[in-house]
Each structure stands twice: as structure tokens, then as C-alpha cells.
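From a predicted model like this one, the values you see are computed outputs, not experimental measurements.
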Amino acid sequence: MEGLVVLEEYRAPTKVKLAALWASTMFCYIYGDYFGLYVAGTLADMNHGGMGPLGHATPGVLTGVSLMMAIPSLMVALSLLLPASICRWACILLGLFYTAIMAVSLPGSEPFYKVLAAIEMALTLAITVVAIRWPRDMRRG
């Protein structure tokens with residue numbers, strides 16, 4: 001076919017794929033929390049120290065939620081910085097863990113949150129699959 005332009009295909013290294021997937025996951029988490037502020041009664045509940053299904057915003061609850069959200073944020077960088085074997089297992093375990101967290105949070109949630117949760121679960125499962133399928137270095141046996 002004349003005039004057909006064949007574009008060069010870029011094959012991103014596994015670590016770059018994982019960092020991109022973690023970053024995408026974090027954007028969905030952030031937007032889900034942001035859009036949740038528009039649900040009627042959320043801000044009033046927050047003004048009284050409530051954190052929805054987590055109950056009262058105690059220092060322990062806030063610390064736990066902070067750690068829970070810091071881990072995917074850190075995985076954006078750690079996917080690039082950790083040795084491959086550690087990164088692989090961290091992504092497999094954390095990908096499954098965060099998929100389970102989202103699955104547990106689905107019942108009774110707002111429709112917009114269910115859409116984002118489904119996307120987040122697809123992303124964290126993709127993280128797990130990419131990590132499981134990590135290419136082997138055949139030179140090292």
C-alpha cells in the first residue's frame with residue numbers, strides 16, 4: 001500500500017510498565033477521593049471527624065490510611081529503583097492486596113466510585129500480571 005506509514009513500536013521495559021501502571025492507579029485513587037467530596041453529607045461528616053466506613057478519624061486510623069495510600073505512591077518510584085527480583089514480588093503481592101482492598105470497598109458505594117474501583121482493580125491486576133510475566137535473563141540461566 002502506497003502512502004501507508006508504519007510507525008515504530010516502542011517496547012517499554014517491565015520496570016517502566018510497572019511504574020506507569022502504579023501512577024495510573026494513583027490517579028484513579030486521587031480522583032475517587034476527590035469526587036467523593038461532592039457526595040452529599042461527606043464534608044459535614046468530615047467536619048465532625050468522620051471517615052465514612054472507617055469511623056472516627058483517630059490518629060491511628062489516619063496513620064493507617066496514610067500508610068495504605070503511601071505504598072502505591074512509593075511503588076511508582078520503587079518499580080524503577082528496586083532490584084528486579086524484589087520489585088517483581090512486591091508488585092505481585094501488592095497488586096493482589098490492593099485489588100482485594102478495592103473489591104471489599106465496592107458494596108454500597110456510589111456509581112462513580114464503582115467505575116473507578118473497577119478501573120483500579122484492572123490496573124492492579126495488570127500490575128500483578130506484568131510482574132508474573134517478567135522476562136527472564138537467559139544469559140544468566
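- Connection of L21 to F97 is established within a shared hydrophobic cluster, with ILVMFWY side chains joined at heavy-atom distances below 4.5 Å, either directly or through further cluster members.
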- prompt: Can you check side-chain contact (heavy atoms from CB on, under 4.5 Å) on H56 and V61, steps first, answer last?
  reply: CA-CA 8 Å; H56 192 69; V61 169; over 6 Å; no
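- Side chains of V39 and Y113 form no contact here, defined as non-hydrogen atoms less than 4.5 Å apart.
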Can you give the donor-acceptor pairs under 3.5 Å from side chains of residues 123-133 to other protein atoms, not counting sequence neighbours?
residue	atom	partner	partner atom	Å
T124	OG1	T99	OG1	2.6
T124	OG1	E120	O	3.0
T124	OG1	M121	O	3.2
T128	OG1	L96	N	3.4
T128	OG1	T124	O	3.0

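- Taking 4.5 Å as the limit, every side-chain heavy atom of W134 sits out of range of all side-chain heavy atoms of S85.
- Put simply, the side chain of Y38 does not reach to within 4.5 Å of the side chain of E110, judged on heavy atoms.
- Linking ILVMFWY residues whenever their side-chain heavy atoms come closer than 4.5 Å, directly or via other members, places L18 and V76 in the same cluster.
- The shortest heavy-atom contact between T14 and P135 is OG1-CD, 3.2 Å.
- Here the side chains of W22 and S73 are not in contact, with every heavy-atom distance at 4.5 Å or above.
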- request: Show the numbers, then the answer: is there a side-chain contact (heavy atoms from CB on, under 4.5 Å) between M102 and Y29?
  value: CA-CA 10 Å; M102 292 315 302; Y29 288 160; 3.9 Å; yes
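- Annotation: side chain of M68 is in contact with side chain of Y98 (closest heavy-atom distance under 4.5 Å).
- With K15 contributing its side chain and L82 its backbone, the two residues share a donor-acceptor pair below 3.5 Å.
- Under the 4.5 Å side-chain heavy-atom criterion for ILVMFWY residues, no single connected hydrophobic cluster contains both I71 and V65.
- With values rounded to the nearest 0.5 angstrom, C87 atom SG is found 5.0 Å from M75 atom CE.
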Test side-chain contact (heavy atoms from CB on, under 4.5 Å) applied to L62 and M51, step by step: CA-CA 9 Å; L62 290 171; M51 288 191 68; 3.5 Å; yes
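- Within 6.0 Å of OH on Y31 lie no more than 12 heavy atoms contributed by other residues, nucleotides or ligands.
- The environment of R11 atom CZ is sparse: at most 12 non-hydrogen atoms of other residues, nucleotides or ligands sit within 6.0 angstrom.
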message: Quick one, I30 with M69, criterion side-chain contact (heavy atoms from CB on, under 4.5 Å). Give me CA distance, side-chain angles, the key distance, then yes/no.
response: CA-CA 10 Å; I30 292 165; M69 288 292 86; over 6 Å; no
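- Both I119 and Y34 are members of a single hydrophobic cluster when ILVMFWY side chains are connected at heavy-atom separations under 4.5 Å.
- In the hydrophobic clustering of ILVMFWY residues, with side-chain heavy atoms under 4.5 Å counting as a link, I86 and L80 come out apart.
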